[in-house]
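Step one of this worksheet: look at the structure below.
We name chains A, B, ... by the order of the sequence lines, and we start the count at 1 in each one.
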Amino acid sequence: MCGALRASDAGKKAVLMGWVNRCRDLGNLIFIDMRDRTGVTQVVCNKELNPAIHKKAGLLRNEYVVAAVGKVKLRDPNTINKNIPTGEVELVAEELRILNESKQPPFLPGETVLPNEEMRLKYRYIDLRRDAMQFNLELRHKVAIAIRSYLSLQGFFEIETPFMTRSTPEGARDYLVPSRVQPGSFYALPQSPQLFKQILMISGCDKYFQIVRCFRDEDLRADRQPEFTQIDLEMSYPQPERVWEVVEGFLTAAFKAAGHEIKTTFPRMSYDEAIRLYGSDKPDMRLPAMTDVREVFMAENLQTLAVNPNLPVIAIRIPKIGELSRKERDEIKPLLTAKGGAKLFEDFKRLEKSFPEAAAKIRQQSRAEAEDLIVVVAGDGKPAEHKSEGGVKPEVKQHDHAVYTAAGLLRVALAQKYAGRHRQFEKTGDPTKDFRFLWVTDFPMFEWDEEGKRWAAAHHPFTSPHERDMEKLESDPGAVRALAYDVVLNGTELGSGSIRIHRQDIQRKIFRSLGMTEEEARSRFGFFLEALEYGTPPHGGIALGLDRIVMILAGAESLREVIPFPKTARAVDLMVDAPTPVSEAQLKELGIRIGRARE
RNA sequence: GGGGACGUAGUUCAGUUGGUUAGAACGCUGCCCUGUCACGGCAGAGGCCGCGGGUUCGAGUCCCGUCGUCCCCGCCA
């Protein structure tokens, strides 16, 4: 292979096949850099030694596919290239064959500047020749293998579940597949194998896992693709801790495969704590927590500042940013996503002038050092609107929540904006600092859906509530905690799981809490409710995003860097040009008529 | 659904206040060159300035629309 030859191979005969990465034609001497996925080797063609070969080498162009046969030669000490692993040797060509020519490619894999993404996606086969992409593909392979073998050794079976399944209107939008045999009926591609894996538990499969594609028809982001890969697993009779242990085990194996020794067990934090301390259910632990500094102000002070005294006052601290200029302080303001009347005091200096004592206490309580940036977020002084929902909705808590999460978003936005200064996001080489894992536990069972004016499942409707909260299901749904947990890494949600409901009566109760009538529940999930009646063992599991894990390991900013054939933000594949309209005949066969195009 | 950035040679970009023939680097073509490795030197080709409309004596530049890519909010049980 092109990356394999070393000084120890000197004198041997070798055959190289690969692409022409670059040619250097010095006249009577031509150097060819040959490339394959393993690396680059220099091939020499000397006119004096072999005029025929030299002549052929002159015909080579970038990205031609060639075979070169010759002797491996140690380079003269002064011509060694320290930049490449094969730099001590070169291949003296005795035979050269052009296996295939290439049109001039729109861009060259060996080039240092990248073309824009549209170009890279359209000519993905050329983009994937780049060593960075080859590295990511290999990384992904290694990580997947490590996880498979770890879980297999732990007694998990990888079991496949259908891609063509049943549409369930809960959750994300489904991708639909029309049925030809049953015109007017549709399969749905799975958003996750959730019900199948639970039924596998009912089937006695005990420990199941699958590295499996999932599909969600929702708007995309840098870290969201319409089809993505989950490491999905489920087991019978576990406590949450048992699931966490398995996840920590395979993540350790995966990170080891990528060259990082991480430490378990991961720290744990309840959802409430995460919101209060980080304003997020996926805290980035590389940055310090926020502090509620409400008490440092006198009631009059809060009034002067037009701040609601009943809401938290949050100090955000970002370390080592240094002094901000006037202009920079102005730039901060738009970063605050106004939520529930959250209000921002970006100018901590001014606060120090008007309320020196309070400011000093804030510094002390948030353990700020001289170079740290402090920003204070508070609730607006205007009396909170009370949109009463029959006394069920916990109004006050909702408003607290809004201030916390607004502060949390600002915290992350500030940290990103000034990442170049505080350098907390840069890799140190120490895995305990570079990879801050966290379990977030005890999620709320329900979320209030403002649009639909109803309670919705925060995780999914098969999640088991805490035993102690069972009686609040009807009286106070907002206070019910679920046996649900997320694994978070550096502020990214890697995976989400729960202990499931295994009793049919409780499952019915949950559907009822979600405002589903008996008939609705039966028509959507009847098969599952029935299965629950035939001796269902307690069970639970989790699913992690493989793409996101590999993305973080690759240090990439987008999932597209670790997916060979990804889609654009509008869910288009630019290489194959999908989706496309289909022929009238195809539609007719499926019994589908396309309505007027959307306005 | 909403907000923002970008779109000029094969590629990455520059293009002043609206003013003559739209530039650079890499790549490409040809010639020269025996130790280069992002080789070097000389010469050359290459443009629907995303698309459509408008303002103007005159538009790459200003305005409106549209298409595409990217980022964010909503959304993603």
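- One C1' atom belongs to B/rC26, the other to B/rA14, and the distance between them is 15 Å to the nearest Å.
- Proximity of A/Arg221 to the phosphate of B/rC75: no side-chain N or O atom is located under 4.0 Å from OP1 or OP2.
- The C1' atoms of B/rG74 and B/rC64 are separated by 28 Å, rounded to the nearest whole Å.
- Base contact: A/Lys73 has a heavy atom under 4.0 Å from a base atom.
- At the heavy-atom level, A/Thr463 lies nowhere under 4.0 Å from the strands shown.
- Between A/Glu227 and A/Lys567 there is a salt bridge, with a side-chain nitrogen of the basic residue lying less than 4.0 Å from a carboxylate oxygen of the acidic one.
- Look at CG on A/Asn28: it is 10 Å from P on B/rG35, rounded to the nearest Å.
- Taking atom CD of residue A/Gln104 and atom P of nucleotide B/rU29, one finds them 7 Å apart after rounding to whole Å.
- One C1' atom belongs to B/rC13, the other to B/rC6, and the distance between them is 13 Å to the nearest Å.
- B/rU56 and B/rG19 have their C1' atoms separated by 12 Å, given to the nearest Å.
- Among the heavy atoms of the strands, none lies under 4.0 Å from A/Glu447.
- A/Arg512 has no carboxylate O lying under 4.0 Å from a charged side-chain N of A/Glu520, or vice versa, which leaves the two without a salt bridge.
- The stacking criteria are not both satisfied for A/Phe107 over the base of B/rU11, which would need a centre-to-centre distance under 5.5 angstrom and an angle between ring planes under 30 degrees.
- As the counterpart of B/rA59, no nucleotide is assigned, since no Watson-Crick or G-U wobble pattern has both distances under 3.5 Å.
- For A/Glu218, whose side chain is taken as the heavy atoms from C-beta onward, the closest listed nucleotide among B/rA38, B/rG35, B/rC76 is B/rC76.
- If you take CG of A/Asp219 and P of B/rG1, they are 8 Å apart, rounded to a whole angstrom.
- Between A/Arg24 and B/rU36 there is no side-chain N or O to OP1 or OP2 distance below 4.0 Å.
- A residue-by-residue look at A/Arg216 and A/Arg570 shows that A/Arg570 has its nearest nucleotide of RNA chain B further toward the 5' end.
- Proximity of A/Thr79 to the phosphate of B/rU36: no side-chain N or O atom is located under 4.0 Å from OP1 or OP2.
- Under the 4.0 Å criterion applied to side-chain N and carboxylate O atoms, A/Glu493 and A/Arg548 are not assigned as salt-bridge partners.
- Rounded to whole Å, the separation between the P atoms of B/rC72 and B/rC62 comes to 28 Å.
- For A/Asn78 against B/rG35, a side-chain-to-base donor-acceptor contact under 3.5 Å is absent.
- Atom CG in A/Asp223 sits roughly 14 Å away from atom C1' in B/rC73 (whole-Å rounding).
- For B/rA24, the paired base is B/rU12 (Watson-Crick or G-U wobble, both distances below 3.5 Å).
- Counting to the nearest Å, the P atom of B/rU12 and the CD atom of A/Glu117 are 12 Å from each other.
- With respect to the salt-bridge test (charged N to carboxylate O, under 4.0 angstrom), the residues A/Arg129 and A/Glu63 qualify.
- Across all strands shown, B/rG18 forms no Watson-Crick or G-U wobble pair with both key distances under 3.5 Å.
- Only one option out of A/Gln194, A/Gln210, A/Lys197 pairs with A/Thr161 in a side chain to side chain donor-acceptor pair (under 3.5 Å); it is A/Gln210.
- Taking atom CG of A/Leu26 as the reference point, atom P of B/rC37 lies 8 Å away to the nearest angstrom.
- Within 4.0 Å of A/Asn62, counting heavy atoms only, lie sugar-phosphate atoms of the nucleic acid but no base atom.
- Using a 4.0 Å heavy-atom cutoff across all strands shown, A/Ala456 reaches no nucleic acid atom at all.
- Side-chain atoms of A/Asp486 and A/Tyr271 include no donor-acceptor pair closer than 3.5 Å.
- For the pair A/Arg548 and A/Gln42, nearest-nucleotide mapping onto RNA chain B gives the more 5' position to A/Gln42.
- Separating the P atom of B/rU12 from that of B/rG58 is a span of 33 Å, rounded to the nearest Å.
- Spacing between B/rU55 and B/rU61 at atom C1', rounded to whole Å, works out to 13 Å.
- Distance check on atom C1': B/rA22 versus B/rG47 gives 8 Å, rounded to whole Å.
- Across all strands, A/Pro106 comes closer than 4.0 Å only to sugar-phosphate atoms, never to a base (heavy-atom distances).
- Surrounding NZ of A/Lys282 are at most 12 heavy atoms belonging to other residues, nucleotides or ligands under 6.0 Å away.
- Between A/Met119 atom CE and B/rU69 atom C1' there is a gap of 11 Å when expressed in whole angstrom units.
- Nucleotide B/rG7 forms a Watson-Crick or G-U wobble pair with B/rC67, both donor-acceptor distances falling under 3.5 Å.
- Distance, A/Glu118 CD to B/rG10 C1': 15 Å, rounded to whole Å.
- The partner of B/rG40, taking Watson-Crick or G-U wobble pairs whose two distances both stay under 3.5 Å, is B/rC32.
- Side-chain proximity of A/Arg224 to B/rG30, B/rG74, B/rA38: nearest is B/rG74.
- Across all strands, A/Leu114 comes closer than 4.0 Å only to sugar-phosphate atoms, never to a base (heavy-atom distances).
- Dashed line: the shortest gap from a side-chain N or O of A/Asn81 to OP1 or OP2 of B/rC37 is not under 4.0 Å.
- Listed nucleotides: B/rC70, B/rG35, B/rC26. Nearest to the side chain of A/Ala569: B/rC70.
- Between B/rG7 and A/Asn116, no contact under 4.0 Å exists linking OP1 or OP2 to a side-chain N or O.
- Counted by atom type alone, A/Asp442 and A/His466 present one or more donor-acceptor pairs between their side chains at under 3.5 Å.
- If you check distances only, the side chain of A/Arg75 does reach the base of B/rU36 with a donor-acceptor pair under 3.5 Å.
- Residue-to-nucleotide contacts include a donor-acceptor pair under 3.5 Å from the side chain of A/Glu90 to the base of B/rG35.
- Contact check, A/Arg560 against B/rC71: a side-chain N or O comes under 4.0 Å of OP1 or OP2.
- Ring-centre distance between A/Phe215 and A/Phe163: below the 6.0 Å cut-off.
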